[in-house]
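Scroll down for the structure; my scribbles are underneath it.
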Amino acid sequence: MLLGLGSKKIYQAGETLLGQGVQASHVVVLLHGMAKVTAIRENGIEILLALRFGGDLVGEMGVLEKRERSATVTACCRTVGRWIESAELERS
């Protein structure tokens with residue numbers, strides 16, 4: 001069902017899919033590739049929280065809770081995903 005929503009987007013290595021501290025407005029379903037989930041702690045140190053691969057959904061917690069992103073998601077290599085706006089997700 002999610003694969004029929006949103007639009008396809010290609011991310012290059014190092015490109016940000018979701019940014020920490022940004023108000024959540026969409027989710028991304030990863031189709032191919034790999035992304036890392038990181039967060040900047042209060043002391044300024046970046047920590048690795050997770051690795052995500054094709055088939056994973058990222059950004060859902062911020063959208064569901066209508067809050068700012070708690071982490072950054074960055075493409076580790078060429079990564080293909082479906083960008084789905086929160087309004088479209090809520091309608092489905």
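For clarity, every value in this text was computed on a predicted model and none was experimentally measured.
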What pair of heavy atoms forms the shortest contact from [X] to [Y], and how long is it?
{"X": "Ile40", "Y": "Gln20", "answer": "N-OE1, 2.8 Å"}
{"X": "Gly33", "Y": "Cys77", "answer": "CA-SG, 4.0 Å"}
{"X": "Leu57", "Y": "Glu60", "answer": "O-OE1, 3.2 Å"}
{"X": "Ala75", "Y": "Tyr11", "answer": "CB-CB, 3.9 Å"}
{"X": "Cys76", "Y": "Ala35", "answer": "SG-C, 3.9 Å"}
{"X": "Ser86", "Y": "Val63", "answer": "CB-CG1, 3.5 Å"}

Margin query: With a 4.0 Å cut-off on N to O distance, would you call Glu85 and Arg91 a salt bridge?
Written below: no
Return the [atom1] to [atom2] distance between [X] and [Y], rounded to the nearest 0.5 Å.
{"X": "Arg67", "Y": "Gln23", "atom1": "CZ", "atom2": "CD", "value": "9.5 Å"}
{"X": "Leu5", "Y": "Trp83", "atom1": "CG", "atom2": "CH2", "value": "15.0 Å"}
{"X": "Arg41", "Y": "Thr38", "atom1": "CZ", "atom2": "OG1", "value": "13.0 Å"}
{"X": "Leu17", "Y": "Arg69", "atom1": "CG", "atom2": "CZ", "value": "10.0 Å"}

Checklist line | Single hit among Val80, Leu31, Thr79 for side-chain contact (heavy atoms from CB on, under 4.5 Å) with Ile10 | finding: Val80
Check: Between Arg78 and Glu15, is a salt bridge (Lys or Arg N to Asp or Glu O under 4.0 Å) present by the stated rule, with each step listed?
Finding: CA-CA 9 Å; Arg78 183 178 182 278; Glu15 190 174 348; over 6 Å; no
Next item on the list: Tell me, with the steps shown, if Val28 and Ile84 meet side chain to side chain contact (heavy atoms under 4.5 Å, CB included).
Entry: CA-CA 6 Å; Val28 177; Ile84 305 169; over 6 Å; no
Next item on the list: Please assess Leu3 against Val29 for the test side chain to side chain contact (heavy atoms under 4.5 Å, CB included), listing each intermediate value before the final yes or no.
Entry: CA-CA 8 Å; Leu3 298 179; Val29 178; 4.0 Å; yes
Checklist line | Any Leu89 side-chain heavy atom under 4.5 Å of Val27 side chain | finding: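 Sidechains of Val27 and Leu89: in contact.
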Check: Going by heavy atoms in the side chains, are Lys36 and Leu48 under 4.5 Å from each other?
Finding: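 Heavy-atom side-chain distance check passes, below 4.5 Å.
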Margin query: Heavy-atom count check: over 12 atoms from other residues, nucleotides or ligands less than 6.0 Å from Lys9 NZ?
Written below: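 Count over threshold, so yes.
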Check: Are Val73 and Met61 connected in the hydrophobic side-chain network, where two residues link if heavy atoms are under 4.5 Å apart?
Finding: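 No, it is not one cluster - the side chains of Val73 and Met61 are not joined through contacts under 4.5 Å.
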